[in-house]
Asker: 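Pasting in a structure now, in structure tokens, and then I'll have a few things to ask.
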Number of protein chains: 2
Amino acid sequence: MARKRFDDSNCAVARTLNEVGDWWSLLIVLQAMYGTRRYVDFQKELGIARNILSDRLDRLVENEVLRKVDVGEHGSRFEYRLTDKGRDLFPIVIAMRQWSEKWNPCPEPGLDLRDRATGRPLRQLCVQDADGKPLTIREVQIADRNTENSPEV
Amino acid sequence: MARKRFDDSNCAVARTLNEVGDWWSLLIVLQAMYGTRRYVDFQKELGIARNILSDRLDRLVENEVLRKVDVGEHGSRFEYRLTDKGRDLFPIVIAMRQWSEKWNPCPEPGLDLRDRATGRPLRQLCVQDADGKPLTIREVQIADRNTENSPEV
DNA sequence: GAATCTGGTTTCGTGAAGCAACCTTATTTA
DNA sequence: TAAATAAGGTTGCTTCACGAAACCAGATTC
């Protein structure tokens, strides 16, 4: 692939893609959010090749999205747990879920996310102003911090 | 790559990744949100190879994220515009921006997003219950719609 | 002490991702 | 009319991402 990297990109979205933008990383994070913690379980749940899994786990640990915890009494038993940074990917994952459920609905039910306290489903994620008022993309001003511009979309 | 596809996956996140989960697609969508509409402009702004751009634009059109509009008086001049489905990717993109700004801040300023009406910055995107109360990942119950389970994360 | 579990690493082959350069067709502008 | 621009298509090449399977080593279990 000789894939282009965006490590030093000025674009925040590109920098996010650089850390979790490949096919597997975000699915691993998702799986971790579902409660998976161990190497073999990730492997079984995702059906990912083992070397790829190793590579992705290492990179996620390196980027501090996961942390590798030694849970063996005498070593050699590990868990991969979400860090705060990793847990903060939750809105991204939820936004993706909701987008897919809206635009590419799947006949089979799949997973269900609810408020643990009340048992009610989640609200549709949306961009809001400081007061919580929903904003469409047209209501958001996109401006270069240096120059002035704000396109119509 | 012989990349694994997730077209028919039961996982909503995987299905989203299948449509916009590669390195370029989401950046193209982002660029479209910034106001770019024409092939050459995408190419110049993103620095993407032309055949890859063609391929991605085609796929995005095929998936109805963009639509190709003939704006030439006599044909052969096109614009790629976001559909409603494409515009609905806005929360995902914003969530990625905010994540990156929080965890991988960039020294240079970059773009600035504000409420066009009030000029105030956006609220941090978060998962909410039906009433709008913010929910952490621990407060969300993740259950298979068939069986019963809800892991601790 | 043999088998098994866990968490990997190594090797190898394939194909797809990516880039660059050149070509085409049509339109617009100088 | 010549040139420049727009929107690609095509080819050729390189490299790396991915997958499969084998191998490995420490700990535990039988």
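Chain A is the first sequence line, chain B the second, and so forth, proteins listed ahead of strands; every chain is numbered from 1.
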Asker: Would you mind reading off the bend of the helix from C:dG1-D:dC30 to C:dA30-D:dT1 from its two end axes, five pairs each, to 10 degrees?
Answerer: 10°

Asker: When the distance from CD of B:Glu79 to C1' of D:dT5 is rounded to whole Å, what number comes out?
Answerer: 16 Å

Asker: Test of understanding: with side chain to side chain donor-acceptor pair (under 3.5 Å), list the residues that count as partners of A:Thr83, not counting sequence neighbours.
Answerer: none

Asker: Report, one line per pair, each donor and acceptor closer than 3.5 Å where one atom sits in a side chain of residues 126-137 of chain A; sequence neighbours left out.
Answerer:
residue: A:Gln128; atom: NE2; partner: A:Gly132; partner atom: O; Å: 3.3
residue: A:Asp129; atom: OD1; partner: A:Asp131; partner atom: N; Å: 2.8
residue: A:Asp129; atom: OD1; partner: A:Gly132; partner atom: N; Å: 3.0
residue: A:Asp129; atom: OD1; partner: A:Lys133; partner atom: N; Å: 2.8
residue: A:Asp131; atom: OD2; partner: B:Arg120; partner atom: NH2; Å: 2.8
residue: A:Thr136; atom: OG1; partner: A:Arg138; partner atom: N; Å: 3.3
residue: A:Thr136; atom: OG1; partner: A:Glu139; partner atom: N; Å: 3.4

Asker: For nucleotides 10-13 of chain D, tabulate all protein N/O to nucleotide N/O atom pairs closer than 3.5 Å, reporting atom names and distance.
Answerer:
none

Asker: Side-chain N or O of B:Arg56 less than 4.0 angstrom from OP1 or OP2 on C:dG18?
Answerer: yes

Asker: Who passes side chain to side chain contact (heavy atoms under 4.5 Å, CB included) against B:Lys102, sequence neighbours left out?
Answerer: A:Asp88

Asker: Quick one: closest heavy-atom pair of A:Met96 and B:Thr16, and the distance?
Answerer: O-OG1, 2.8 Å

Asker: Rounded to the Å, how far apart are A:Asp41 CG and C:dT6 C1'?
Answerer: 11 Å

Asker: Please enumerate all residues that pass side chain to side chain contact (heavy atoms under 4.5 Å, CB included) together with B:Arg50, with sequence neighbours excluded.
Answerer: B:Tyr39, B:Gln43

Asker: Not counting sequence neighbours, which residues clear side chain to side chain contact (heavy atoms under 4.5 Å, CB included) with A:Asn104? List them please.
Answerer: A:Trp99, A:Ser100, B:Arg15, B:Glu19, B:Lys85

Asker: Rounded off to whole Å, could you give me the CD1-to-P distance for the A:Ile48 and D:dA20 pair?
Answerer: 11 Å

Asker: Among C:dT6, D:dA6, D:dG8, which is the nearest nucleotide to the side chain of B:Val40?
Answerer: D:dA6

Asker: State, to 0.1 Å, how close B:Leu125 and B:Gln98 come at their nearest heavy-atom pair, and which atoms those are.
Answerer: N-OE1, 2.7 Å

Asker: Counting just side-chain N and O atoms, does B:Tyr39 come under 4.0 Å of either OP1 or OP2 of D:dG9?
Answerer: no

Asker: Which residues pass the side chain to side chain donor-acceptor pair (under 3.5 Å) test with B:Arg123, not counting sequence neighbours?
Answerer: none

Asker: How long is the line joining CG of A:Leu57 and P of C:dT9, in whole Å?
Answerer: 10 Å

Asker: Quick one: B:Phe42 CZ to D:dG8 C1', roughly how many Å, whole number?
Answerer: 15 Å

Asker: A:Lys68 has an atom NZ; how far is it from atom C1' of C:dG8, in whole Å?
Answerer: 8 Å

Asker: Round to a whole Å and report the spacing from CD1 of B:Ile28 to P of C:dG18.
Answerer: 10 Å

Asker: For A:Arg38 and C:dG8, what is the distance between atoms CZ and C1' respectively, to the nearest whole Å?
Answerer: 14 Å

Asker: Can you list everything that forms a side chain to side chain contact (heavy atoms under 4.5 Å, CB included) with B:Lys44? Sequence neighbours excluded, please.
Answerer: B:Asp41

Asker: Reckon A:Ser54 touches a base, only the sugar-phosphate, or nothing at all at heavy-atom distances under 4.0 Å?
Answerer: base

Asker: In terms of side-chain heavy atoms of B:Tyr80, which of D:dA7, D:dG8, C:dA17 is nearest?
Answerer: D:dG8

